[in-house]
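Working notes, beginning with the structure itself.
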Amino acid sequence: MSVQEPCVALAPMEGVLEVTARNLLTRQGGWDFCVTEFVRVSHERLPPKVFHRICPELKSDSVTPSGVPVHLQLLGSDPESMAVNAGVAVKAGAQVVDLNFGCPAKIVNRHGGGARLLTEPNRVQAVAAAVVEALKPQGIPVTAKMRLGYEDAELALDNALALEEAGVTQLVVHARTKTQGYKPPAHWEKIAALAERLAIPVLANGEIWTLEDYQRCVAASGVRDVMLGRTALADPWLASHIKAASQGEEVKATCFEDLPALMLEWVAGAGQIYPEKVRNMRIKQWLVMLMPRWGEPARQLFEACKRLQTEAEISDLLQARLDDAAVPRAHAL
Ligand SMILES: Cc1cc2nc3c(=O)[nH]c(=O)nc-3n(C[C@H](O)[C@H](O)[C@H](O)COP(=O)(O)O)c2cc1C
């Protein structure tokens, strides 16, 4: 008898996991859903084009070309405005709306949004309840993503319960506080107390770079469902490996040499959307995100790339890396 596969989601990452990257990564298989970069909501009613820019998939049933559902994420602290804009998002095509309660950006937190809201569970509840109520007539599910807290994790359970009480149908927990930023480790063990108390599905997030990390996260949190962010860029096949391992199948580990081909594919796909300068910057950013997982080879590739100015030079570098990797394999045949 086969065991039920865990759910593996692709995280929202502003300026990184945009439409081309979502398309590319979900094509590798194993992903159950993705969440868009956040749409920032302040006091005005945003036009539909803002939602379509962040999430072009809204025009194609809110799925990526490989059929993986895309949830639209909103970030804001004013319940009324969030409710109004969630309505616009749904009219624009959103089929699931996700709420961001974890953004560490200074500008967002200064205005009481993002992770700052986690200091006031009643405000978290008010924002979520307003959006849930607004979308009830259309039957649109509202999900949420939170950190453990702002400066400490004291209110983690209160916030999680507030979200459930508000009617949120699923919760992703990034296992760090805002103060902990992105510094390892992620405190997976702190998710256990939340998952035990909540009836809604809870997904664990943070620092799951390898299958072994996944297994340690499950052991610490008691949660099998996960969301992967930087770690998805470092190993786009990790989602399918997690699924395969859950069925007792043998997994062929990813190697660093598998990545340049994917990066070149991203460059080709992003060519129609972003100017060259942006594409170059994003590839360099991607290389930085490979370092925690791949160490020295990733650092060397980044060092070789960081001062390159043109896409042709960057593509040549990636292609050379690909060709180098192909030589020993060809010899082995
Ligand atoms: C560059 C960057 C952009 C991010 N943008 C968002 C975002 O728009 N919304 C959100 O909820 N989280 C955002 N996050 C947080 C990630 O979704 C995720 O929670 C975090 O990176 C931890 O997971 P990881 O260790 O797998 O990367 C962002 C993280 C990074 C590094």
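In each ligand, atom 1 is the first atom listed, and ligand 1 is the first ligand listed.
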heavy-atom search around atom 5 (N) of ligand 1 in the protein gives E14 N, 2.8 Å
Any heavy atom of R230 under 4.0 Å from ligand 1? The part involved is both
If we number the atoms of ligand 1 from 1 as shown, the ones under 4.0 Å from a heavy atom of K145 are 10 (C), 11 (O), 12 (N), 15 (C), 16 (C), 17 (O), 18 (C), 19 (O)
Please determine, by modelled atom types, if E207 and Y182 share a side-chain donor-acceptor pair under 3.5 angstrom.
no
Are the side chains of V63 and V68 in touch, meaning some heavy atoms are under 4.5 Å apart? no
Donor-acceptor pair, side chain of E165 and main chain of Q125, under 3.5 angstrom: no
(message) Is any side-chain heavy atom of L317 closer than 4.5 Å to one of L301?
(response) yes
Next on the checklist: Does the plane of the ring in F33 sit parallel, tilted or perpendicular to the ring in H71? Use 30° and 60° as the thresholds.
Outcome noted: parallel
Ligand 1 atoms nearer than 4.0 angstrom to some heavy atom of A11 are 17 (O)
For atom 2 (C) of ligand 1, the closest protein heavy atom turns out to be M13 CE, 3.9 Å
Atom 9 (N) of ligand 1: closest protein heavy atom, distance to 0.1 Å, is Q73 OE1, 2.7 Å
Strictly under 4.0 Å, does any heavy atom of Y182 approach an atom of ligand 1? yes
Between D213 and R216, does any side-chain N to carboxylate O distance fall below 4.0 Å?
yes
Numbered in order shown, the ligand 1 atoms found under 4.0 Å of a heavy atom of N100 are 9 (N), 10 (C), 11 (O)
Min over G229, P12, G15 of heavy-atom distance to atom 6 (C) of ligand 1 lands on P12
**Asked** Strictly under 4.0 Å, does any heavy atom of N205 approach an atom of ligand 1?
**Response** yes
If you scan protein heavy atoms around atom 8 (O) of ligand 1, the nearest is F38 CD2, 3.1 Å
Practice prompt. Please tell me if the side chains of L74 and V97 come closer than 4.5 Å, counting only heavy atoms from C-beta onward.
Written response: yes
Q.
Can you confirm whether K284 sits close enough to V288 that some side-chain heavy atom of one is under 4.5 Å from a side-chain heavy atom of the other?
A. no
**Prompt:** Closer than 4.0 angstrom: is that true for some heavy atom of G206 and an atom of ligand 1?
**Reply:** yes
